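These notes concern the structure reproduced below.
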There are 2 protein chains.
Amino acid sequence: MSKLLDVEDVSASACCAPLSGPVMGEEEAAELAKVFKALADPVRLRLVNLIASGPGGEVCVCDLTGAFELTAPTISHHLKVLRQAGLIEGERRGTWVYYRVIPEALTRLSGLFALPALTSA
Amino acid sequence: MSKLLDVEDVSASACCAPLSGPVMGEEEAAELAKVFKALADPVRLRLVNLIASGPGGEVCVCDLTGAFELTAPTISHHLKVLRQAGLIEGERRGTWVYYRVIPEALTRLSGLFALPALTSA
DNA sequence: TCCGTGTATAGATAGATGTCAAATTAGATG
DNA sequence: CATCTAATTTGACATCTATCTATACACGGA
């Protein structure tokens, strides 16, 4: 079994209603918090940005390690955190591993911050 | 000078272009990370949710402390973190303090997760 | 099959963070 | 002014996290 695909997909059940919506439960808040924890790091934010803006929507890990003054294991750790948050997914093709963002995850988050009545005053 | 208004407004300069957009700089990533750090806690997420969904878009701190099994200083600490991230603002009216979300902050975050071309394939 | 290279995991450590108890500030009221 | 309540600040402590080095795994090529 490829360890690259170990996704606990924390984001699956969390979130969908906007923050301005009905009161969320403790469990939902806990799962959502894991997703934001994954984004709460400058390196990981830049990783998501690099991956999302990469050619074809994907980027090789070998290109990511060079973009930071960090060791490969550290980058690998950050990628794992993002993966377990359900934000990205990785695929091995031969020697290299490529990462993509999971569009649904971003869309879900976008909806979270939607506001109810900006049209009315 | 009211200490309630000490907002370092970290979110002001950070973000606007979507994550899928052009590559962000280290500085921008660092400031954005502070905002997500503020959201990366179940209690703070529920606080934002409660405040945003409160009547008139605002909630008294006295109503927030009762909603958690945490001491008042802890709630106050979390509110401060959210305030310094530019996500909420507080106002004292007589004996009580009321908090509101800052709509622009949420809107900005919503745009961050926008995807480029979901219409095409 | 044996190296060489690209990624990931394990273990260790310094620094950040959530929580509480105690003390402080701000406003209302007698 | 004295005092009560609401909210914040301060200081301490246990836990979590970002990073490193060292090691292990996966694949391709000789």
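Treat the numbers as computed from the prediction; the structure is a model and nothing was measured.
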Checking contacts here: which listed nucleotide ([options]) is nearest the side-chain heavy atoms of [X]?
X       : options                : result
A:Val61 : D:dT8, C:dT7, C:dG6    : C:dT7
A:His78 : C:dA8, D:dT19, C:dA26  : D:dT19
B:Cys62 : D:dT21, C:dT7, D:dA6   : D:dA6
A:Arg92 : C:dT19, D:dC27, D:dG28 : D:dC27
A:Asp41 : D:dA7, D:dA18, D:dA22  : D:dA18
B:Val43 : C:dT19, D:dA6, D:dT8   : C:dT19

Find the distance [X]:[atom1] to [N]:[atom2] and express it as a whole number of Å.
X       : N      : atom1 : atom2 : result
A:Glu91 : D:dC27 : CD    : P     : 12 Å
B:Leu70 : C:dG18 : CG    : P     : 12 Å
A:Trp96 : C:dA8  : CH2   : P     : 14 Å
A:Phe36 : D:dT17 : CZ    : P     : 16 Å
A:Ile75 : D:dT17 : CD1   : C1'   : 15 Å
B:Lys37 : D:dT17 : NZ    : P     : 11 Å
A:Gln84 : D:dA18 : CD    : P     : 12 Å
A:Leu64 : C:dG6  : CG    : P     : 14 Å

Item to check | Which residue lies more 5' along DNA chain C, comparing B:Arg93 with B:Glu69 via nearest heavy atoms | outcome: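 The residue closer to the strand's 5' end, by nearest nucleotide, is B:Glu69.
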So, OP1 or OP2 of [N]: does either fall under 4.0 Å of a side-chain N or O from [X]?
X       : N      : result
B:His77 : C:dT17 : no
A:Thr71 : D:dC20 : yes
A:Tyr99 : C:dA8  : yes
A:Ser76 : C:dA8  : yes

Are the side chain of [X] and the backbone of [Y] linked by a donor-acceptor contact shorter than 3.5 Å?
X        : Y        : value
B:Ser53  : A:Ser20  : no
B:Arg92  : B:Tyr98  : no
A:Thr107 : A:Pro103 : yes

Item to check | 5'-most by nearest nucleotide on DNA chain D - A:Arg44 or B:Thr65 | outcome: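 The 5'-side residue here is B:Thr65.
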Checklist entry - Is it the case that one hydrophobic cluster holds both A:Val59 and A:Leu87, taking links as side-chain heavy atoms less than 4.5 Å apart, direct or via other members? => result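 Looking at the clustering, A:Leu87 is in the same group as A:Val59.
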Item to check | NZ/NE/NH1/NH2 to OD/OE distance under 4.0 Å, A:Glu91 and A:Arg100 | outcome: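 A salt bridge is present here (some side-chain N lies under 4.0 Å from a carboxylate O).
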